[in-house]
Amino acid sequence: MKSFALLCILLHSVYEVAGYPPDGPGNRPPLLFGNELNSNPVTGEKYRLIIKINTLQVLFSEAPVSLEIFGSNDNSHQFQAGIIFPLEEDSFLQDIFNTSGANGYSSDKGVLSYRTNPYNNHGLSFKYEFRKYYEGFYVAPQLMYKYIRYDNLEFNVSREGETIKRNESKFTKVFGIGLIAGRQTYFLRQATDWYVGIGIRGRNISVLINEAAENINKEPYSKFSVYPFINIGFRTGLIIL
């Protein structure tokens with residue numbers, strides 16, 4: 001998946017360069033301002049539907065697709081859905097998460113715990129934005145939701161000097177609200193969407209634990225936390241209608 005994401009970024013860069021007219025970038029179609037906002041600069045026809053992908057986010061174990069639907073020239077609704085998947089095996093990074101606990105075993109706490117390990121997670125993500133455009137720039141409130149899980153994974157953990165084999169299932173729900181600002185430009189039938197955002201998220205983690213060495217099922221573990229977030233990135237897409 002990493003190779004695929006890097007290839008998409010490379011192709012996008014080549015397309016941007018190759019797309020210029022022979023006389024150079026100064027003669028490319030104008031960016032859309034004023035009455036031509038989110039419209040075809042030649043025909044004046046309003047754009048109605050754009051589909052976009054976020055190639056960089058694939059590197060962080062999520063593959064989202066966005067659909068932007070325009071209500072008028074200066075506002076739109078954007079819906080995004082994504083698949084969360086385990087990252088491909090990499091011995092060095094995998095070892096960091098698997099050996100961050102006591103005595104070189106896995107840990108269930110901290111930034112590098114197996115519960116935050118991106119090699120383990122499966123899930124879905126959803127985002128919604130209502131965008132208001134101002135001469136090529138936009139601002140948008142954003143709502144988001146993620147469901148992340150792993151089932152019956154085994155880890156070796158250290159407890160009171162003993163090695164315990166733990167079987168665990170995790171279920172995480174994340175809700176968030178934020179404010180996004182960005183700039184969307186067009187060239188031929190291509191759209192490029194640069195954005196930055198801040199906000200706050202609430203995360204609820206539920207864990208079912210079985211410690212096989214003692215043949216016991218522990219009481220389900222649950223924790224709720226609230227934390228701020230910052231988003232920076234870009235999407236590329238095609239104008240469908």
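Residues take their numbers from the sequence shown, with the count starting at 1. It should be emphasised that the depicted structure is a prediction, and the values quoted were computed from it without experimental measurement.
N204 and S222 get closest at one heavy-atom pair: OD1-OG, 3.7 Å. Residues Q184 and K52 approach most closely at OE1-NZ, 2.9 Å, considering heavy atoms. Closest heavy-atom contact between P64 and Q57: CG-OE1, 3.6 Å.
Atom CD in Q142 sits 4.5 Å away from atom CD in E129 (nearest 0.5 Å). Interatomic distance, OH of Y227 versus CD1 of I200, reported as 10.0 Å (0.5 Å rounding). One finds the OG1 atom of T172 at 9.5 Å from the CD1 atom of I84 (value rounded to the nearest 0.5 Å). To the nearest 0.5 Å, atom CD of residue E62 and atom CG of residue L56 are 12.5 Å apart. Once rounded to the nearest 0.5 Å, the distance linking OH of Y195 with CD1 of I232 reads 9.5 Å. The structure places CD1 of I83 at 12.0 Å from OG of S61, a figure rounded to the nearest 0.5 Å.
Side-chain rings of F70 and Y47 stay apart, their centers remaining 6.0 Å or farther from each other.
Within 6.0 Å of CG on L179 lie more than 12 heavy atoms contributed by other residues, nucleotides or ligands. The 12-atom threshold is exceeded at CG of L241, counting heavy atoms of other residues, nucleotides or ligands nearer than 6.0 Å. In this structure, K132 places its NZ atom where more than 12 heavy-atom neighbours from other residues, nucleotides or ligands lie under 6.0 Å away.
Note on ring orientation: taking the six-membered ring where Trp is involved, the planes of Y128 and H77 are parallel (angle under 30°, cut-offs 30° and 60°).
Put simply, the side chain of K127 reaches to within 4.5 Å of the side chain of N231, judged on heavy atoms. Looking at E168 and L208, their side chains never come closer than 4.5 Å, going by heavy atoms from C-beta outward. When side chains are defined from C-beta on, F187 does not count as touching T185, because their heavy atoms never get closer than 4.5 Å. The shortest distance between side-chain heavy atoms of N75 and F130 falls below 4.5 Å. Under the 4.5 Å side-chain criterion, counting only non-hydrogen atoms from C-beta, F79 is not in contact with V65. Side chains of F126 and K146 form no contact here, defined as non-hydrogen atoms less than 4.5 Å apart.
Within the cation-pi definition used here (under 6.0 Å to the ring centroid, within 45° of the axis), R203 does not qualify as a partner of F224. Cation-pi contact between R201 and F229: present, with separation from the ring centre below 6.0 Å and deviation from the ring axis of at most 45°. Both the sub-6.0 Å distance and the 45° axial angle are not jointly satisfied by R149 relative to the ring of F171.
Side-chain atoms of Y138 and D193 include a donor-acceptor pair closer than 3.5 Å.
Considering only residues two or more places apart in sequence or on other chains, K46 meets the salt bridge (Lys or Arg N to Asp or Glu O under 4.0 Å) condition with none of them. With sequence neighbours excluded, the residues forming a side chain to side chain contact (heavy atoms under 4.5 Å, CB included) with I240 are L49, I51, L238, listed by chain and number.
Cluster annotation: I69 and I53 are assigned to the same hydrophobic cluster (Ile/Leu/Val/Met/Phe/Trp/Tyr, side-chain heavy-atom contacts under 4.5 Å, transitive). No chain of hydrophobic side-chain contacts below 4.5 Å, direct or via other Ile, Leu, Val, Met, Phe, Trp or Tyr residues, connects F175 to V226. Hydrophobic clustering, with ILVMFWY side chains joined whenever heavy atoms are under 4.5 angstrom apart, keeps L124 apart from V174. Hydrophobic clustering, with ILVMFWY side chains joined whenever heavy atoms are under 4.5 angstrom apart, keeps V139 apart from F137. Note on Y133: it clusters hydrophobically with I239, by side-chain heavy-atom contacts below 4.5 Å among ILVMFWY residues.
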Practice item. Run the numbers on Y134 and D74 for side-chain contact (heavy atoms from CB on, under 4.5 Å), then give the verdict. Key: CA-CA 7 Å; Y134 302 91; D74 63 354; over 6 Å; no
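A donor-acceptor pair is defined here as one N or O able to donate and one able to accept, closer than 3.5 Å; no such pair exists between the side chain of R235 and the backbone of N54. Checking side-chain atoms of S169 against main-chain N and O of N152 turns up a donor-acceptor pair under 3.5 Å.
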